[in-house]
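Structure record follows, encoded as structure tokens.
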Amino acid sequence: MAMSLASTTYGALVLNVLAIQIKYDDYKVRLSVPAFFCIIVWRCLEIATRVTVLVLFCSALKAWVAAVALVNMIILFLLPWVYFWKSGSSLPENVEKNFSWLGTVTVLGTVTLLYSAINMFCWSAVQLNLSERDLIDQSQNWGRLIIHYSIRLLENATLILLWYFYKEDGFEYFCSPLLVVQLLVGYCASVLFMLLFYQYFHPCRSLFSHNVSDFILCVCLRRTKPNRMLIEGRETDV
């Protein structure tokens, strides 16, 4: 289990670095040691807590596991297509020149299926955008990131609480309330390290139009100043 977690975390680390290099291919990207540390802790805690929650839920409510996984896969599979439909764009023509329209849809569907499977366990380093030629979203969408982690935290809390109330007798020797708290705190800690990375250690953070602190400031001031706000000396729409 430890080796599997280490290999999965290493894969997530490599994908994070590749995603940064793809998005900022015009710049020389070099990650510092604190950046690597933040990514490793972020991904390790995120994947470990998510898998543990799913395994515990499976041990208590086996009949509902397939429903939870299916709902996750369907929603995550449809989201890129919903964004694509709202954008009003046409299918990219450079996926494969020899493919027909049906072949292009099949390839995009396969890529979307892989994307949804990754996002069911952790935030994908490369965000899919079917309207782009390279199928990669080049923008830094803070809103989508926060929505993903907020929903995932709520889902993890719901699943682990269901396990707590319906757990089998084999867990009577464990301190179940402490385990619940540890899993929730572990997931929140992963989010904290993720925000820490984007705020202070991202190699191209100077290219962000808004960073983490700007987004939080915007959300906090939206209720008090609904029209316009001042961020770093620039007047920006809220």
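No side-chain donor-acceptor contact under 3.5 Å links E46 to the backbone of V191. At distances below 3.5 Å, at least one donor-acceptor pair connects side-chain atoms of S59 with backbone N or O atoms of L56.
With values rounded to the nearest 0.5 angstrom, N129 atom CG is found 9.5 Å from Y115 atom OH. The CZ atom of R144 sits 4.5 Å away from the OH atom of Y83 when rounded to the nearest 0.5 Å. C38 contributes atom SG, which lies 11.5 Å from atom CG of N16 (distance to the nearest 0.5 angstrom). Annotation: the span from I47 atom CD1 to T8 atom OG1 amounts to 6.0 Å, rounded to 0.5 Å. In this structure, L145 CG and Q127 CD are separated by 8.0 Å, a value rounded to the nearest 0.5 Å. Of the inter-residue distances, the one linking R50 atom CZ with C122 atom SG reads 10.0 Å to the nearest 0.5 angstrom.
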Exercise for the section: Test side-chain contact (heavy atoms from CB on, under 4.5 Å) on I39 and L31 and set out the steps. Expected result: CA-CA 10 Å; I39 295 177; L31 270 71; 3.6 Å; yes

Practice task
Please lay out, stage by stage, how H148 and N119 fare under the test side-chain contact (heavy atoms from CB on, under 4.5 Å).
Solution key: CA-CA 9 Å; H148 171 88; N119 273 274; 4.0 Å; yes

Exercise for the section: Please step through side-chain contact (heavy atoms from CB on, under 4.5 Å) for the pair L54 and F121, ending with a clear verdict. Expected result: CA-CA 10 Å; L54 291 176; F121 293 95; 3.6 Å; yes

Exercise for the section: For side-chain contact (heavy atoms from CB on, under 4.5 Å), just list the numbers for Y198 and W42, CA-CA rounded to whole Å, side-chain angles, deciding distance to a tenth of an Å, and then say yes or no. Expected result: CA-CA 11 Å; Y198 279 111; W42 159 29; 4.1 Å; yes

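Checking R152 against N72 by side-chain atom types alone, a donor-acceptor pair falls below 3.5 Å.
A cation-pi arrangement is found for K167 relative to Y164, the charged atom lying closer than 6.0 Å to the ring centre and inside a 45° cone about the ring normal.
Nearest approach of C44 to T9, heavy atoms of both residues: CA-OG1, 3.7 Å. Residues C58 and V65 approach most closely at CA-CG2, 3.4 Å, considering heavy atoms. Between L162 and L61, the closest heavy-atom pair is CB-CD1, 4.1 Å. For the pair A125 and A19, the tightest heavy-atom approach, listed with the atom from each and the gap, is O-CB, 3.5 Å. Counting all heavy atoms, side chain and backbone alike, A157 lies closest to L184 at CA-CD2, 3.7 Å. Among all heavy-atom pairs drawn from V180 and L161, the shortest one is CG1-CD2, 4.4 Å.
Transitive grouping of hydrophobic side chains (ILVMFWY, heavy atoms separated by less than 4.5 Å) keeps F165 and L178 in distinct clusters. If you chain together hydrophobic residues whose side chains sit under 4.5 Å apart, L192 and F197 never meet in one group. Criterion: ILVMFWY side-chain heavy atoms under 4.5 Å apart, direct or through other members. Under it, L70 and V55 are part of a common hydrophobic cluster. A continuous path of ILVMFWY side-chain contacts below 4.5 Å connects V53 to W64, so both sit in one hydrophobic cluster. Residues L114 and L78 are members of separate hydrophobic clusters, defined by side-chain heavy-atom contacts under 4.5 angstrom among Ile, Leu, Val, Met, Phe, Trp and Tyr.
The aromatic rings of W81 and F77 sit tilted, their planes meeting at an angle between 30° and 60°. F193 and F37 have perpendicular rings, their planes meeting at more than 60° on a 0 to 90° scale where under 30° would count as parallel.
Looking at heavy atoms from C-beta onward, R43 lies out of side-chain contact with L13 at the 4.5 angstrom threshold. In this structure, C188 and L153 have side chains that are in contact, with non-hydrogen atoms separated by less than 4.5 Å.
Residue K62 qualifies as enclosed at atom NZ: its count of foreign heavy atoms under 6.0 Å is above 12. Atom OH of Y149 has more than 12 neighbouring heavy atoms from other residues, nucleotides or ligands inside a 6.0 Å radius. Atom CZ of F201 is surrounded by more than 12 heavy atoms from other residues, nucleotides or ligands within 6.0 Å.
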